[in-house]
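Each remark here refers to the structure printed beneath this line.
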Amino acid sequence: MKNILVIGSTGQIGSELTLKLRDIYSGPSVVAGYIKGAEPKGALLETGPAEEVDITDAARIAEVVDKYKIDAIYNLAALLSAVAEAKPQLAWKIGVGGLYNCLEVSREKGCALFTPSSIGSFGLSTPHVKTPQDTVQRPDTIYGVTKVTGELLSDYYAKRFGVDTRSVRFPGLISYTTLPGGGTTDYAVDIYYSAVRGEKFKCPLKPGTFMDMMYMPDALRAAVEIMEADPSRLKHRNSFNIASMSFDPEIIYAKIKEHVPGFEMEYELDPLRQRIADSWPDSLDDTCAREEWDWKPEYDLESMTVDMLTNLRKKLIAEPAT
Ligand code: AKB
């Protein structure tokens, strides 16, 4: 049914989403787009085509779209929030310049386009508990600025040019497959690695720092379901709040300790990450996603923790060096 280009296919989301899309749309091409130095390996390389596609190169995106008769682009190229603060110019070039290239190619070639936004699109002046779908978005990180710009630009292209742009605001994503790298919510992945390795975890955020989090299988399903949603039901496009769980470091630590009784955690605060986390919502209200395209998460903290620990133990036995 669909030929899909995933830009950023070897990253935290892309490495799993590309394989899921290949499972769902078997037959047509799901192209793994990657940048030099982040080439696909293993299943990603063996189960379908792969092409070097730098999101800052519009002509190259167009070439690959033509070659594979692409109908839909998943644009997953981005610097995460903490690393973006260290490289704001690059964060803008990739997050906004790259998105602009995807929008223009989609306009010219008739592709649908998914570009994730984030809880990072909100800021200190946003209501922090059960943050509504439509509310104040005045982030003070470059990551947030690129995400709000992306939401507005994507809605503009939908209204002005009829480009089928859709997206969700991802919470912190937790998975055992590919490490995030450079985000504010990364601690919620790292804590599981420490627990399984038998190490004391140094938590970069202080107790009481609540943020929305989601297990990767739910996030992948959201990315597929929003693109498959009946457009006549969508009152929003870019971007939908989605939610499944909200916790602070104490809550996730206590949950892991139920399964790994000897596990220990201490605090070693990272001021940059703490500042960013304090500006983000504690929890999102995802009523619009539930009403407009039947969004519903499957994992809670308990079921995610059981699955993470089981799969990380297997992974770390199979690949002890990673
Ligand atoms: C980050 O922490 O930067 C990301 C996000 C919530 O967008 N995981």
Side-chain angles (χ1 to χ4, degrees), residues 8 11-17 74-88 90-92 94-96 98-99 114-124 126 128 131 137 139-151 154 167-193 203-206 209-220 222-223 226 238-249 252 269-284 286 289 297 304 308:
Q12 189 203 13
I13 305 173
S15 58
E16 295 190 55
L17 184 62
Y74 278 82
N75 162 23
L76 304 177
L79 296 189
L80 291 184
S81 53
V83 80
E85 283 306 293
K87 300 174 185 172
L90 184 61
W92 180 266
I94 294 173
V96 179
L99 168 61
F114 175 88
T115 306
S117 185
S118 157
I119 54 173
S121 68
F122 299 110
L124 271 174
T126 301
H128 269 220
T131 300
Q137 287 182 281
D140 65 358
T141 60
I142 187 66
Y143 181 68
V145 170
T146 66
K147 291 300 182 192
V148 177
T149 307
E151 291 189 13
S154 298
S167 66
V168 295
R169 294 178 182 133
F170 279 135
L173 299 183
I174 297 169
S175 99
Y176 56 84
T177 304
T178 307
L179 284 166
T184 302
T185 59
D186 295 8
Y187 92 90
V189 177
D190 299 338
I191 192 170
Y192 286 102
Y193 277 81
C203 185
L205 300 177
K206 60 185 183 205
T209 308
F210 279 83
M211 285 185 286
D212 260 320
M213 302 280 179
M214 184 173 288
Y215 200 32
M216 189 61 89
D218 277 335
L220 301 180
I226 180 60
N238 302 281
S239 302
F240 281 92
N241 282 1
I242 54 170
S244 63
M245 62 187 100
S246 167
F247 54 73
D248 81 330
I252 187 172
L269 297 192
D270 174 340
L272 171 64
R273 283 185 167 80
Q274 187 65 54
R275 178 178 72 74
I276 296 174
D278 287 342
S279 76
W280 288 359
D282 294 0
S283 60
L284 298 191
D286 61 0
M304 175 178 79
M308 272 297 281

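Ligands are counted one by one from 1 in listed order, and the atoms in each one are counted from 1 as well. Numbers here are sequence positions counted from 1.
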What atoms of ligand 1 come closer than 4.0 angstrom to any heavy atom of W280? 1 (C), 2 (O), 3 (O), 6 (C)
With heavy-atom distances below 4.0 Å as the criterion, list the atoms of ligand 1 near S81. 1 (C), 2 (O), 3 (O)
N/O separation below 3.5 Å, T184 to ligand 1: yes
Quick one: does Y143 get an N or O within less than 3.5 Å of an N or O on ligand 1? yes
From the list V168, D212, L284, I119, side-chain contact (heavy atoms from CB on, under 4.5 Å) with N241 holds only for L284
Could you see which bit of L173 sits under 4.0 Å from ligand 1, with heavy atoms only: side chain, backbone, both or neither? neither
Might you work through the side chain to side chain contact (heavy atoms under 4.5 Å, CB included) test for I252 and Y192, ending with a clear yes or no? CA-CA 9 Å; I252 187 172; Y192 286 102; 3.7 Å; yes
Describe, in one word, how the ring planes of Y176 and Y215 are oriented to each other, choosing from parallel (under 30°), tilted (30 to 60°) and perpendicular (over 60°). tilted
Can you find a pair of side-chain heavy atoms, one from K147 and one from R169, that are under 4.5 Å apart? no
Subset of ligand 1 atoms that lie under 4.0 Å from at least one heavy atom of S118: 5 (C), 6 (C), 7 (O)
When you check the side-chain N and O atoms of T178 and S15, is any donor under 3.5 Å from an acceptor? yes
Atom 8 (N) of ligand 1 has as its nearest protein heavy atom T185 OG1, 2.9 Å
Note: ligand 1 atoms sitting under 4.0 Å from heavy atoms of G183 are 1 (C), 2 (O), 3 (O)
With no hydrogens and no angle check, just 3.5 Å: does a side-chain donor-acceptor pair link Q274 and T209? yes
